[in-house]
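Report on one structure; see the data block that follows.
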Amino acid sequence: LGPPPLIMNVAKSGYRVFSANSTPACTELSKKITERLGVELGKSVVYQESNRETRVEIKESVRGQTIFIIQTIPRDVNTAIMELLIMAYALKTSCAKNIIGVIPYFPYSKQCKMRKRGSIVCKLLASMLAKAGLTHLITMDLNAIIVAKSPSAAKRAQSYAERLRLGLAVMHGEAQCSESDMADGRHSPPCVRNTIGHPGLELPLMMAKEKPPITVVGDVGGRIAIIVDDIIDDVEDFVAAAEILKERGAYKIYIMATHGLLSADAPRLIEESAIDEVVVTNTVPHEVQKLQCPKIKTVDVSMILAEAIRRIHNGESMAYLFRNITVDD
């Protein structure tokens with residue numbers, strides 16, 4: 001009779017969704033997305049060998065299909081990157097038609113500008129993903145604030161304020177030295193007296209410019225102040241901003257961020273601060289931090305990611321998705 005015919009587990013929709021790791025956070029988000037899309041989660045195995053090398057096995061045919069890879073970024077960022085790269089390459093060599101990464105929090109996104117004598121690591125990672133086989137990328141970034149922490153964020157803050165029909169306040173000044181302010185030998189002269197020239201002539205030392213204190217432009221007295229940012233990791237800036245807003249008479253202070261990394265002592269600092277609540281999404285796992293600080297709340301983003309996947313697959317407008325999303329969503 002011969003061997004039985006090969007039966008492929010192919011979704012009726014013509015595309016497949018895979019999870020790039022087996023952590024609870026990634027698995028839960030992947031299941032929520034596939035449930036909303038009405039498709040099954042692709043069959044694959046991702047694990048670490050005894051020598052810490054990453055191995056990925058695709059357990060079904062993906063030939064000629066459009067594949068979406070969902071990857072959340074846990075604390076071990078570099079391992080998550082390797083899982084994504086290896087899975088993308090495995091799908092590419094398995095003749096997938098298109099490979100689209102769904103990475104709600106894009107790692108190394110803070111390193112997107114040239115500073116000092118460093119490198120643009122975000123660009124390097126994007127090139128690696130493209131080389132591994134990714135054709136498109138879905139990521140999330142609110143990048144806007146209603147209470148702007150700096151004048152450079154005022155334009156983005158205004159767009160949110162107008163949409164939500166709320167007032168706008170802008171904070172300016174600095175509370176501490178940032179990495180970009182440190183002298184690196186190119187923007188500042190050395191702190192020594194220049195003795196070259198006329199004998200006995202001393203030039204004054206170049207003094208560091210004094211930074212202005214933090215001030216608030218706009219009335220926040222008796223109002224609910226909302227600071228919206230893309231990432232909340234080290235929370236010292238947010239805590240300092242909350243103190244200033246509270247001194248200016250803000251009734252309540254909320255922090256809303258897309259990605260809640262909340263490293264080190266962030267939960268404790270939030271709990272002890274004037275911040276009333278921190279709202280983040282489930283793009284990054286933060287269950288431990290929530291146990292340490294009841295002020296941290298989570299919003300599920302599986303709906304918007306699922307809709308983005310559906311629109312990309314059907315060739316529909318992505319701009320329409322963000323222009324017409326409702327307040328309830």
[X] versus [Y]: any side-chain heavy-atom pair under 4.5 Å?
X: Asp234; Y: Leu261; result: no
X: Val45; Y: Val56; result: no
X: Thr23; Y: Pro285; result: no
X: Asp237; Y: Val235; result: no
X: Thr72; Y: Val284; result: no
X: Leu124; Y: Ser119; result: no
X: Asp233; Y: Leu262; result: no
X: Ile270; Y: Pro267; result: no

| field | Atom CZ of Arg55: over 12 foreign heavy atoms under 6.0 Å | value | no
| query | Near Tyr47 OH, under 6.0 Å, is it more than 12 heavy atoms from other residues, nucleotides or ligands? | reply |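 Yes, the 6.0 Å shell around OH holds more than 12 heavy atoms from other groups.
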| message | Using the ring centroid of each side chain, check whether Phe18 and Phe68 are separated by less than 6.0 Å. | response |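 That pair fails the under 6.0 Å test.
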| request: Report the C-alpha separation of Glu35 and Lys31 in whole Å, then their side-chain angles, then the decisive distance to 0.1 Å, and conclude whether the salt bridge (Lys or Arg N to Asp or Glu O under 4.0 Å) test is met. | output: CA-CA 6 Å; Glu35 287 174 0; Lys31 287 183 177 179; over 6 Å; no
| task | Apply the side-chain hydrogen bond (donor to acceptor under 3.5 Å, both in side chains) test between Thr54 and each candidate in Glu83, Gln48, Glu49; give the one that qualifies. | result |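 The option that passes is Gln48.
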| query | Can Arg16 and Glu60 be said to form a salt bridge (Lys or Arg N to Asp or Glu O under 4.0 Å), step by step? | reply | CA-CA 10 Å; Arg16 303 293 291 156; Glu60 60 185 84; 2.8 Å; yes
| Where does the angle between the aromatic ring planes of His259 and Tyr105 fall among parallel (under 30°), tilted (30 to 60°) and perpendicular (over 60°)? | tilted
What are the two closest heavy atoms between [X] and [Y], and how far apart are they?
X: Pro104; Y: Leu29; result: CG-CD2, 4.2 Å
X: Ile226; Y: Met256; result: CG2-SD, 4.0 Å
X: Leu41; Y: Ser30; result: CD1-CB, 3.9 Å
X: Met87; Y: Ala20; result: SD-CA, 3.8 Å
X: Ile73; Y: Ala80; result: CD1-CB, 3.9 Å

Does the side chain of [X] pick up a donor-acceptor pair with the side chain of [Y] at under 3.5 Å?
X: Asn78; Y: Tyr108; result: yes
X: Ser94; Y: Arg63; result: no
X: Asn282; Y: Thr298; result: no

| Do you reckon Tyr89 sits in the same ILVMFWY cluster as Met128, going by side-chain contacts under 4.5 Å, direct or chained? | no
| Under-4.0 Å salt bridge between Arg310 and Glu316 | yes
| Any donor-acceptor pair under 3.5 Å from Thr27 side chain to Pro24 backbone |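 Checked: no pair found.
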